[in-house]
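Reading through the structure tokens given below for one structure.
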Amino acid sequence: MQIPESLERLIEEFSKFPGVGRKTAQRLAFSMLHYTSKEAEQLAEAIVDVKHRIRHCSLCFSFTESDPCPICEDPSRNRSIICVVEQPNNIFPIEKSGVFRGLYHVLMGAISPLEGIGPDQLKFSELLRRLEKDETKELILATHPTVKGEATSLFLQQALAEKGLKITRLARGIPAGGDLEYVDDVTLIEAFSGRQLFGKLE
Amino acid sequence: MIIQSLELHHFRNYSHLNLDFSPSLNFIHGNNGYGKTNLVEALHFLCNLESFRTRKILPLIQNQQDAALLKSSIERKKVLYSIQINLSRKGKTVLLNQKHSRKTSEHILSFFSLAFTPEDVNLFRSIPNERRRFFDRSLSFVDPSYFVDMQELNQILAQKNALLKRKNGSQIQIWNELLSKVSQKIAYQRQSFVEAINIYLTDFFNKMTGRSENLNLVYLSSFGEENFGSEVQINRALQNILEREINYGYSLLGPHRDDYRLFLNKKGDRDFFSQGELRITNLSLKMSINRLLSERYSFCPVLIFDDLFSELDPKVNGKVLQFFTELKNQVFITSTDLPPNLTLHGKTIHVSNGQHSNR
Ligand SMILES: [Zn+2]
């Protein structure tokens with residue numbers, strides 16, 4: 001049987017999702033056929049809503065509906081300490097673990113000359129500006145434990161060495177090559193409490 | 001580790017082939033050009049995901065066919081694995097226990113065969129790439145963290161080269177620091193591996209030749225003997241060469257420039273070894289690695305000897321055969337004739353033009 005055009009279109013759209021292959025996309029699309037019109041409209045609305053309402057915080061570049069984001073606005077958070085991450089979704093596991101009560105800064109990527117990404121392509125000058133006026137005393141570098149993440153942390157450490165900040169790197173409890181997203185709470189808490197001063201080569 | 005069976009479809013000159021093997025000695029004989037080497041090449045490919053004759057896939061596929069299929073049951077530490085490899089113009093796909101294995105590492109960190117072939121005589125005469133490749137493969141098997149370090153090294157080098165290609169020296173320092181760190185780890189592992197091999201090397205050589213000389217494997221770090229142990233000195237060496245690297249547009253110093261050499265007393269391999277010496281030292285090297293694997297890691301790799309007897313000095317043959325009877329490994333030997341004075345405890349497989357018969 002030939003798949004009707006409208007259904008095929010939906011399958012195509014689903015298979016664009018990360019980690020979704022043709023088979024899963026088909027299963028998702030077929031399950032949609034059991035939705036009532038109302039349910040389908042609600043789903044479509046939710047998708048459009050996310051697109052319209054979610055944007056990046058103009059201070060930390062996290063995802064938010066209001067600008068500045070609730071974390072940047074929260075008076076109970078420790079404003080003297082900023083945790084630097086690569087992507088907005090890296091913030092969620094740290095927040096969930098509750099181990100950290102400071103502010104964040106999302107770089108929106110990591111240094112990678114192969115892909116033409118240097119400090120200028122990242123939210124680095126924005127970080128500099130924040131450090132200039134905020135009362136930041138400590139910077140925690142929580143980039144991924146990948147080659148690109150390590151290079152990014154090294155760069156930040158060297159570029160900010162003269163700023164009189166305490167710069168620390170998350171302890172190596174996180175598996176090499178891993179992603180903060182998949183790290184459990186206990187490991188994260190250990191990584192934060194065991195964070196080390198970024199040392200130079202002796 | 002024991003290869004229990006082999007099934008081939010359109011691999012080299014084999015249209016279809018089905019064989020069971022002995023867990024000890026397997027003697028494959030037949031006239032030249034009939035496919036003895038192709039058979040052991042398939043076995044080597046199943047263990048290492050590469051041939052010992054070519055880096056290309058296409059020559060492995062039978063003429064006028066689109067794809068080749070290799071299937072095997074392999075026993076490793078009392079667990080039975082089924083392996084299936086499909087070769088096509090697009091490359092290779094590997095199924096381990098009917099599941100697609102995306103990571104090459106999973107496979108090559110589990111299975112391992114050591115091959116001794118006529119081409120081996122060139123290992124210490126050819127470009128350093130081939131030597132590094134051989135030692136990298138063996139070392140990765142011994143220490144999976146070495147494999148991880150090598151992947152990291154390659155990523156760092158690719159990033160650094162991307163900057164050098166653009167003649168951009170400004171951000172090089174961070175990559176050099178990462179490179180220093182991983183280089184020091186890799187150099188240490190390479191040096192330790194060479195030291196471990198040297199424990200057995202001379203003994204093997206003297207036993208098989210009846211000579212009494214000192215055979216020594218030497219690791220040559222591109223950073224120099226006095227520097228490779230220290231991250232700081234490695235970083236300094238990288239600093240010193242940076243200007244030249246920017247001129248060339250690629251990285252000139254690092255573990256990707258290391259080398260290995262053999263010395264017989266004070267005599268260096270490339271220029272002073274005879275053909276026979278190149279062969280027997282190579283055999284000694286592989287047997288030393290085998291011994292290291294079995295003694296330290298309780299692992300017996302599959303051993304492949306392609307056209308062994310025509311390649312060695314007849315005086316040596318007897319000693320080598322004697323030595324085979326002492327091995328715990330599964331062994332595959334190809335030869336045009338059955339050796340006259342060999343009492344076989346194993347299986348004899350006769351090959352004639354893509355066909356075979358068992359005895
Ligand atoms: Zn914010």
Side-chain angles (χ1 to χ4, degrees), chain A residues 18-24 84 86 107 109-122 124-125 127-128 139 141 143-162 167 169-179 182 196-202, chain B residues 100 102-106 143-186 223 227 229-239 245-246 249-251 254-255:
Chain A
V20 175
R22 170 89 195 169
K23 252 196 198 141
T24 311
V84 180
E86 290 183 19
L107 289 170
I111 289 181
S112 173
L114 267 177
E115 295 152 280
I117 300 174
D120 296 344
Q121 282 69 43
L122 303 175
F124 172 62
S125 56
L127 175 65
L128 281 181
L139 217 55
L141 306 178
T143 54
H144 295 156
T146 56
V147 164
K148 289 191 275 183
E150 292 292 339
T152 308
S153 274
L154 256 181
F155 165 77
L156 290 173
Q157 186 257 329
Q158 289 175 2
L160 305 172
E162 311 292 298
I167 301 179
R169 176 87 172 102
L170 280 200
R172 271 284 194 156
I174 297 165
D179 194 312
Y182 306 110
Q196 284 149 359
L197 259 189
F198 219 124
K200 283 198 80 97
L201 296 175
E202 313 105 66
Chain B
H100 270 279
R102 285 218 178 76
K103 283 191 185 151
T104 309
S105 60
E106 206 181 3
D143 184 356
S145 78
Y146 178 82
F147 185 81
V148 175
D149 289 339
M150 284 302 293
Q151 283 185 317
E152 200 176 307
L153 169 74
N154 291 331
Q155 287 173 30
I156 294 169
L157 285 173
Q159 297 282 11
K160 181 178 168 181
N161 282 336
L163 285 177
L164 290 171
K165 209 168 146 192
R166 278 178 246 141
K167 312 269 172 211
N168 181 349
S170 63
Q171 307 268 308
I172 287 280
Q173 188 47 36
I174 54 174
W175 297 104
N176 274 350
E177 270 188 41
L178 293 176
L179 184 56
S180 308
K181 208 179 273 178
V182 77
S183 296
Q184 194 264 330
K185 281 203 270 182
I186 289 170
F223 294 109
N227 291 326
S230 150
E231 214 177 298
V232 180
Q233 272 158 271
I234 289 174
N235 199 24
R236 199 170 301 143
L238 287 169
Q239 205 98 281
E245 288 188 323
I246 292 173
Y250 55 84
S251 167

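Letters go in sequence order (proteins before strands), and every chain restarts at 1. Remember, it's a predicted structure, so these values are computed and weren't measured experimentally. Excluded from the calculations below are hydrogen atoms, water molecules and symmetry mates; all remaining heavy atoms, backbone and side chain alike, are included.
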N/O donor to acceptor pairs below 3.5 angstrom from side-chain atoms of residues 113-122 of chain A, sequence neighbours left out:
residue, atom, partner, partner atom, Å
Glu115(A), OE1, Ser112(A), OG, 2.4
Glu115(A), OE1, Lys148(A), NZ, 3.2
Gln121(A), OE1, Gly118(A), N, 2.8

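Residues Glu152(B) and Glu150(A) form no side-chain contact, since every pair of their non-hydrogen atoms from C-beta on lies 4.5 Å or further apart.
Residues passing the salt bridge (Lys or Arg N to Asp or Glu O under 4.0 Å) test with Arg236(B), sequence neighbours excluded: none.
Closest approach of Ile111(A) to Ile174(B), counting heavy atoms only: CD1-CD1, 4.4 Å.
Of the two parts of Gln159(B), the backbone and the side chain both hold a non-hydrogen atom closer than 4.5 Å to a non-hydrogen atom of chain A.
Environment of NZ in Lys167(B): crowded, with over 12 heavy atoms of neighbouring residues, nucleotides or ligands closer than 6.0 Å.
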